[in-house]
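When a residue number appears, it is its place in the shown sequence, counting from 1.
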Amino acid sequence: MPVLASHRKPRTKVRTTTPAVGFTTAALASVTLLSTQNATAAPAEPKPAVEDVQKKVDELYRQAGSATQQYNRAKAASTAQRTKVDTLLSDVAKRTEKINEARRELGSYAAAQYRTGGIAPTATFFLADDPQAYFDQSRLMSRSTERQQKAVEDFRTQQAAAAKKRAEAVKSLESLTETQATLRSSKQNVQTKLAEARTLLARLTAEEKARLAELERKKEAEAREKAQKLAARQAAEKKEREEAEKKAREEAAKESGGDSGSGSGNGGGTGTGPGAGTGTGTGAGSGYAAKAEQVLAFARAQIGKPYVWGASGPSSYDCSGLTQAAWREANVTLPRTTWDQVKVGTRVATSDLQPGDLVFFYDDISHVGIYKGDGMMIHAPKPGTNVREESIYSMPIYGSVRPA
């Protein structure tokens, strides 16, 4: 029986696509995961308000001012320490030369003794041609021995003194190294604070910068208003003092006229009596006023020159560099930093300020200005500004001093 042909359609091999499906699924999963992550990511930090930027920048400038004072103190200490070290090293060199001279003198004595051979005195006496010459020589040798002993003592004294000075020099050098390290650290701190402030300001848009400038103008206007109130109050107090003094002089004149039987001859003579000594009412006499005028004349001449941290003139200043240079014109030497300047002279209340007084600011006493009257001062404000006149109420007042 013939074999019947199969009518089944042959099965076609289908190529599997599993790898492609797997890749597509993985890609879709990755996209979904990224989308989910983006959707759930924390929102970007909101941009700070201009008012917050102003406060932060002001705080950074204050911190930079404090770091500047630390730098100034370290620089002054470094200069003084370097002078001390140079003096000590010079002294050590001089003492070393004296030691060398004493050593050479001792060497000559040793050489002379070697040449004589160190013969015993008895043998020298018997071998001498002339006994009298021996005794004369013996006396000379005795005196020579005394000189030798003195030379030894001098050598030891110079050696001990040189060792002491050398130890002082080493200690001073170590101190100088520490001071210079503080100097570098303070400098870096100032630069960091100023860079941070510049970065904050650079991020502001033109509109935000305009808003910041408006806030600064408002702040200045409020400070000027406070200064005007202080000026009015001081003027009223001065007028009241002058009227009281005038009344006192008139009463004194009347009493004097009544006692002498004449009411007209003594008025001029008593007009310069006790009342004249209280003309200012604040303890600042004419001597101080004259010095203050010199100080203010110098300060006014510096208006427009740039603030540069660590500078003390003549082309630029920081705050304490300006006050130090100004008072030097009146032959008054002030320390370099605000922290030390605040300790000089007499403390005075804000209401009793006189021209020439120093006004200090912030709790850390990191800024200072020269009071010029009417609630205003001349000062070197901060980086990016120039020496100028400004209200003393532009910053929180710490206190004030009268330097001389």
Quick note, ring pair (Phe, Tyr, Trp, His ring centres under 6.0 Å) partners involving residues 46-83, not counting sequence neighbours, are Y71-W309
Separation between CG (L322) and CD1 (I378), nearest 0.5 Å, reads 8.0 Å
Shortest non-hydrogen pair, L230 vs G375, comes out as CD2-CA, 3.9 Å
Could you please spell out the steps behind the side chain to side chain contact (heavy atoms under 4.5 Å, CB included) verdict for I370 and H379? CA-CA 6 Å; I370 305 169; H379 71 141; over 6 Å; no
Validation row: R241, E237 side chains within 4.5 angstrom (heavy atoms)
yes
Residues K56 and E59 bridged, charged N to O under 4.0 Å: no
Are there more than 12 heavy atoms of other residues, nucleotides or ligands under 6.0 Å from atom NZ of K84?
no
Heavy-atom nearest pair, P306 first then S315, reads CD-O, 3.5 Å
(Q) Taking atom CD as the centre, does E240 end up with more than 12 heavy-atom neighbours from other residues, nucleotides or ligands that are less than 6.0 angstrom away? (A) no
Take F360 and H367 through the test side chain to side chain contact (heavy atoms under 4.5 Å, CB included) and record every step on the way to the result.
CA-CA 6 Å; F360 297 87; H367 192 71; over 6 Å; no
Using side chain to side chain donor-acceptor pair (under 3.5 Å), reason through N189 and T192 one step at a time and then give a plain yes or no. CA-CA 5 Å; N189 195 13; T192 299; 5.5 Å; no
### Message
The test is salt bridge (charged side-chain N to carboxylate O under 4.0 Å, His left out); show your working for D374 and R224 and say whether it passes.
### Response
CA-CA 10 Å; D374 297 330; R224 281 196 302 271; over 6 Å; no
Criterion salt bridge (charged side-chain N to carboxylate O under 4.0 Å, His left out) on K171 and E174, from CA distance to verdict: CA-CA 5 Å; K171 187 176 180 180; E174 292 174 351; over 6 Å; no
With a 3.5 Å distance limit and no angle check, can you tell me whether E216 reaches the backbone of L212 through a side-chain donor-acceptor pair? no
Compare all side-chain heavy atoms of Q180 with those of R184 and state whether any distance is below 4.5 angstrom.
yes
- Assess the side chains of S320 and R336: does a donor N or O sit below 3.5 Å from an acceptor N or O? yes
CD of Q70 to NZ of K187, rounded to nearest 0.5 Å, is 15.5 Å
With sequence neighbours left out, the residues meeting salt bridge (charged side-chain N to carboxylate O under 4.0 Å, His left out) with E250 are none
_Counting C-beta onward and ignoring hydrogens, is there a side-chain heavy-atom pair between Y307 and T68 closer than 4.5 Å?_
yes
| request: Keeping the roles fixed (side chain from K305, backbone from P314), state whether a donor-acceptor pair exists under 3.5 Å. | output: yes
Check your understanding: Do any N or O atoms from the side chain of E208 and from the backbone of T205 form a donor-acceptor pair under 3.5 angstrom?
Key -> yes
* To do: With the side chain counted from C-beta on, respond yes when R62 and K193 share a heavy-atom pair under 4.5 Å apart, and no when they do not.
  => no
Does the S90 side chain pair with the main chain of D86, one donor and one acceptor, at a distance under 3.5 Å?
no
Got a salt bridge between E251 and K246, using NZ or NE/NH1/NH2 to carboxylate O under 4.0 Å? no
**Report entry** Candidate pair V53 and L204, rule side chain to side chain contact (heavy atoms under 4.5 Å, CB included), full reasoning
**Finding:** CA-CA 9 Å; V53 172; L204 296 177; 4.2 Å; yes
Neighbour count above 12 (heavy atom, 6.0 Å) for K372 NZ = yes
message: Between T87 (side chain only) and T83 (backbone N and O only), is there a donor and an acceptor less than 3.5 Å apart?
response: yes
| request: Kindly say whether P335 contributes a backbone atom to a donor-acceptor pair with the side chain of Q341 at under 3.5 angstrom? | output: yes
Value for CZ (R198) from CG (L60), rounded to nearest 0.5 Å, stands at 11.0 Å
**Study point:** Test item: T338 side-chain N/O and I365 main-chain N/O as donor-acceptor pair under 3.5 Å
**Key:** yes
TODO: Taking the side chain as every heavy atom from C-beta outward, state whether R388 and P381 have any atom pair closer than 4.5 Å.
DONE: yes
Closest heavy-atom pair, Q234 versus S351, reported as atoms and distance to 0.1 Å, is NE2-O, 3.3 Å
Are the side chains of N386 and I303 in touch, meaning some heavy atoms are under 4.5 Å apart?
no
When you look at CZ of R203, are more than 12 heavy atoms from neighbouring residues, nucleotides or ligands closer to it than 6.0 Å? no
Closest heavy-atom pair, I397 versus F361, reported as atoms and distance to 0.1 Å, is CG1-CE2, 3.7 Å
| Non-hydrogen side-chain atoms of L358 and S400 separated by less than 4.5 Å | no
Would you mind checking if K291 and E329 are paired as a salt bridge, meaning a charged N to carboxylate O distance below 4.0 Å? no
Interatomic distance, CG@L183 vs CG@N72, rounded to 0.5 Å, equals 9.5 Å
Under a 3.5 Å distance rule, please check whether D318 uses its side chain to pair with a backbone N or O of G310 as donor and acceptor. yes
Rounding to 0.5 Å, atoms OG (S394) and CD (E220) come to a distance of 8.5 Å
Next item on the list: Output yes when a side-chain donor or acceptor of S185 lies under 3.5 Å from a complementary backbone atom of A181, and no otherwise.
Entry: no
> Just by distance, with hydrogens left out, do S312 and Q324 show a side-chain donor and acceptor under 3.5 Å apart?
Replying inline: no
Can you confirm whether more than 12 heavy atoms, excluding those of D364, are under 6.0 Å from its CG atom?
yes
Report yes or no: does Y288 contribute a side-chain atom to a donor-acceptor pair with the main-chain N or O of A292 at less than 3.5 Å?
no
Output for pair (M377 CE, T323 OG1), nearest 0.5 Å, gives 11.5 Å
Heavy-atom closest pair (A404 atom, W327 atom, distance to 0.1 Å) is CB-CZ3, 4.0 Å
query: Taking side chain as C-beta onward, heavy atoms only, is V342 less than 4.5 Å from Y398?
result: yes
Smallest heavy-atom separation, D357 atom then Q354 atom, equals OD2-N, 2.7 Å
request  = In sequence, state the C-alpha distance, the side-chain angles, and the governing distance for Y371 and I392, and then conclude on side chain to side chain contact (heavy atoms under 4.5 Å, CB included).
outcome  = CA-CA 8 Å; Y371 189 69; I392 63 172; 3.9 Å; yes
